[in-house]
Every structure is written in structure tokens, then in C-alpha cells.
There are 2 protein chains.
Amino acid sequence: MIDVHSMLKMCNLKRTPFRVNLLELFVQTKSSIQTHTIRETFEGRFNKATIYRAIEAFEKNGLIHKVPDINNLLRYALCRENCVNGSHKHTHSHLICNSCRETYCIDQITTPNIPSAIGLKIDYVDLVLNGECFSCQLN
Amino acid sequence: MIDVHSMLKMCNLKRTPFRVNLLELFVQTKSSIQTHTIRETFEGRFNKATIYRAIEAFEKNGLIHKVPDINNLLRYALCRENCVNGSHKHTHSHLICNSCRETYCIDQITTPNIPSAIGLKIDYVDLVLNGECFSCQLN
DNA sequence: TTTAGAAAAACAACTGAGTTGCTTTATTGA
DNA sequence: TCAATAAAGCAACTCAGTTGTTTTTCTAAA
């Protein structure tokens, strides 16, 4: 696992205490994170404009990506090995659990390729599975 | 196809001009609708609190259901024959145009089958393409 | 057809997520 | 060490969506 300092350096982002902490939070979190949670974690110590701008910078540099959220709040997850670098396309899909309302990345299911013949300019594709997560199935 | 008057009556919702129009909009729209679009259609003629409360009433009565939206805006679709308990099975995908914010059905792309081997309980699948529509590409 | 009760519409004020412009501070590479 | 610049702080703002209250409209029963 690459360390957060190298990740920031690779993106030409400065190694500030806040950005190191924020990136570590993403690395440690297996599923996705709502902006709400990020603000709970850091607000008070850091300004919300700082928080949103850091998230924006991480996304722009391909460190994290947006994840759909049924409660229409911003939600992000770390880009891991299965995120294709460069083109910043995500080939995995997301499960929204209708019990716990969490969103999980499902690596086993890849999003379909959109044939360029259709002629649409596609920025990204989301395959959203609505169902029940493993943990909630057990309860 | 059941008419909107009967649909409202079945739910014990009053047949007001606005609610008839709103439900007709959902019936006529093949894919999902952003709240933004609903407001564009009706605001000026109807108050936004009225709009949001009607949407809420429709959802509560199982006429429509929320659809995830990567742009963290509320989005709904009509519950049709293949909707079980408010869930909606899509056999086609949607394009969300990030220029004009419209949603289009893309019939050429079918949603992939989710292998049951993965062991997830999936209610329905949404394939959401985020990009630019044909019309906006020309401008 | 009339009318009372209830549902829905209108209005206004509010909440809170996210944005923006600008100034100050901290990081980094030379 | 220091200049360039990225990032943090601050404050004011936008706008989607909510809420409380009053007024209007629908409907079902007399």
C-alpha cells in the first residue's frame, strides 16, 4: 500500500496536516464516506471551505471519486487498484443498501463498456445496485 | 394503463389540478425526473412547498420512488407494473446530461445481469451514464 | 345542492449543504 | 533562507429543500 505522503506528492498536492489526515481517513475507510461524516470529523479544527476544496482537489487528481447516495448528499470513496488511472474511469459498481443506507463499492461487478458507436460523450458510468448489503443480510 | 384519476383515488389523494398534472408528467416520462425539472415545469404556477409536498405524498403512497443521482439532487421515477414494493426494475439505461440537466433513455444499452453467485440480494439496478446529450454536443 | 371537515395550496421564514472571493498563512523547492 | 504558490481562514452568498401557519379547494355525506 502506497503511503499518503507519496500519494499527495504524486498529485503535486502539498503535505499539510489536514490533507494528510483527510487522505488517511479515505485510506482507512473500506466503503464510501458522506461529506457529512468528513465534516463531523474535521469541522471545528478546519474551515468547511477548506474541507470542500480539499475534497475537490482529491477528486480532480483521481485520488477519490464520487459515489451515488440515496439521501442526495455528496459521498466519496478512495480510488483503489481497480480504478483505471489516467482516464479516471471506475469499472466497479456501487451497492446502496436499503437497510442501513450505506453505499459500498462492489468490485466483482464491472460496469459495461459503452460502445463509442452510439456517439455519446460519457464522462463516467455508474452501475447502481439497490439491494441489501452482506452485513444486513445476516441480521 | 390505469388513469391518473384512479391512481390518486386509490391512494386517497385529492384530485387537484396540480397533482393530476404532476402525476401525468411522471406517467409520460419514461425515465426518472430530477426535482429541478419538476420545478422548471410547474414553478411560477405553483408554490415550491406545494411541489415538494406533492412529491412526498406520491412517494409515501408508492406511486413514485427515489432514484439515486450522482449530482446530489432528488430524482424520482414512476412505479410501474414491474415495481415490487416501490422498487423499479429498469431494462434500459439513463443518460444524465451535465449541460442541460435533462435525462434521456438510452435504449441501445441494456443493464447487465448481476450474477447470483455473488450472493447479494439485489432489488433493482440502475445504469446511469453521466455525460453530454446529442443536442448539447452540437452547441 | 349545500356544507362541514379535511386535504392541499399559498406564503413566508428558515435550515443547512455547498460555493465563491478575497486575505492570510504555510509548504516547498531553489 | 526566501520567494513563489498552494492551501487555510474568513465571511458572505446561493439555492435546494423544509416547516409553520393561514387560506383555499375538494369531497363525501346529508
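Convention: sequence-line order gives letters A, B, ...; per-chain numbering from 1.
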Query raised in the report: Rounded to the nearest Å, what distance is computed from the CZ atom of residue R39(A) to the C1' atom of nucleotide dT19(C)?
Result: 12 Å
Query raised in the report: Looking at dG9(D), does its base get a donor-acceptor pair with the side chain of R45(A) below 3.5 Å?
Result: no
Query raised in the report: Is there a side chain to side chain contact (heavy atoms under 4.5 Å, CB included) between F58(B) and L78(B) once you walk through the steps?
Result: CA-CA 9 Å; F58(B) 285 7; L78(B) 190 73; over 6 Å; no
Query - Closest to side chain of N47(B), choosing from dA17(C), dC11(C), dA16(D) - result: dC11(C)
Report task. Write down the distance between CZ (F18(B)) and C1' (dA8(C)), rounded to a whole number of angstrom. Result -> 10 Å
Requested in this report: Could you check if a side-chain atom of N21(B) sits within less than 4.5 angstrom of a side-chain atom of R45(B), using non-hydrogen atoms only?
Outcome: yes
Query raised in the report: Are R19(B) and dA8(C) close enough that a side-chain N or O sits under 4.0 Å from OP1 or OP2?
Result: yes
Query raised in the report: Separation of I55(B) atom CD1 from dA16(D) atom P, in whole Å?
Result: 13 Å
Requested in this report: For residues E59(B) and K66(B), determine if any side-chain heavy atom of one lies less than 4.5 Å from a side-chain heavy atom of the other.
Outcome: yes
Query - 5′-ward residue of the pair K48(B)/N12(B) relative to DNA chain C - result: N12(B)
Query raised in the report: What do you reckon, is NZ of K121(B) surrounded by more than 12 foreign heavy atoms closer than 6.0 Å?
Result: no
Table of protein N/O atoms under 3.5 Å from nucleotides 27-30 of chain C N/O atoms:
from    : atom 1 : to     : atom 2 : distance (Å)
dT27(C) : O2     : K14(A) : NZ     : 2.9
dT28(C) : OP1    : R15(A) : N      : 3.1

Requested in this report: In whole angstrom, give the distance that lies between atom CD of E59(B) and atom P of dT18(D).
Outcome: 10 Å
**Report entry** Criterion side chain to side chain donor-acceptor pair (under 3.5 Å) against R75(A), the qualifying member of H94(A), H65(A), E102(A), H36(A)
**Finding:** E102(A)
Query raised in the report: Do Q34(B) and L74(B) come within less than 4.5 Å of each other through their side chains, counting heavy atoms only?
Result: no
Report task. Would you classify A49(A) as touching base, sugar-phosphate or nothing, given that sugar-phosphate means primed atoms plus P, OP1 and OP2, and contacts are heavy atoms under 4.0 Å? Result -> base
Requested in this report: Starting at atom CG of L8(A), determine the distance to atom P of dA6(D), rounded to an integer number of angstrom.
Outcome: 15 Å
Query raised in the report: Would you say dA10(C) has OP1 or OP2 under 4.0 Å from some side-chain N or O of T50(B)?
Result: yes
Query raised in the report: What orientation do F18(B) and F46(B) show, parallel under 30°, tilted 30 to 60°, or perpendicular over 60°?
Result: tilted
Query raised in the report: F46(A) CZ to dA7(D) C1': how many Å, rounded?
Result: 11 Å
Report summary line: The nucleotide from dT20(C), dC11(C), dA16(D) with an atom nearest the side chain of Y52(B) is dA16(D)
Query raised in the report: Tell me: CD1 of I51(A) to P of dA7(D), nearest whole Å?
Result: 16 Å
Query raised in the report: Does a side-chain N or O from R53(B) land closer than 4.0 Å to OP1 or OP2 of dT18(D), or not?
Result: no
Report summary line: Separation of dT18(D) atom P from L73(A) atom CG, nearest Å, is 11 Å
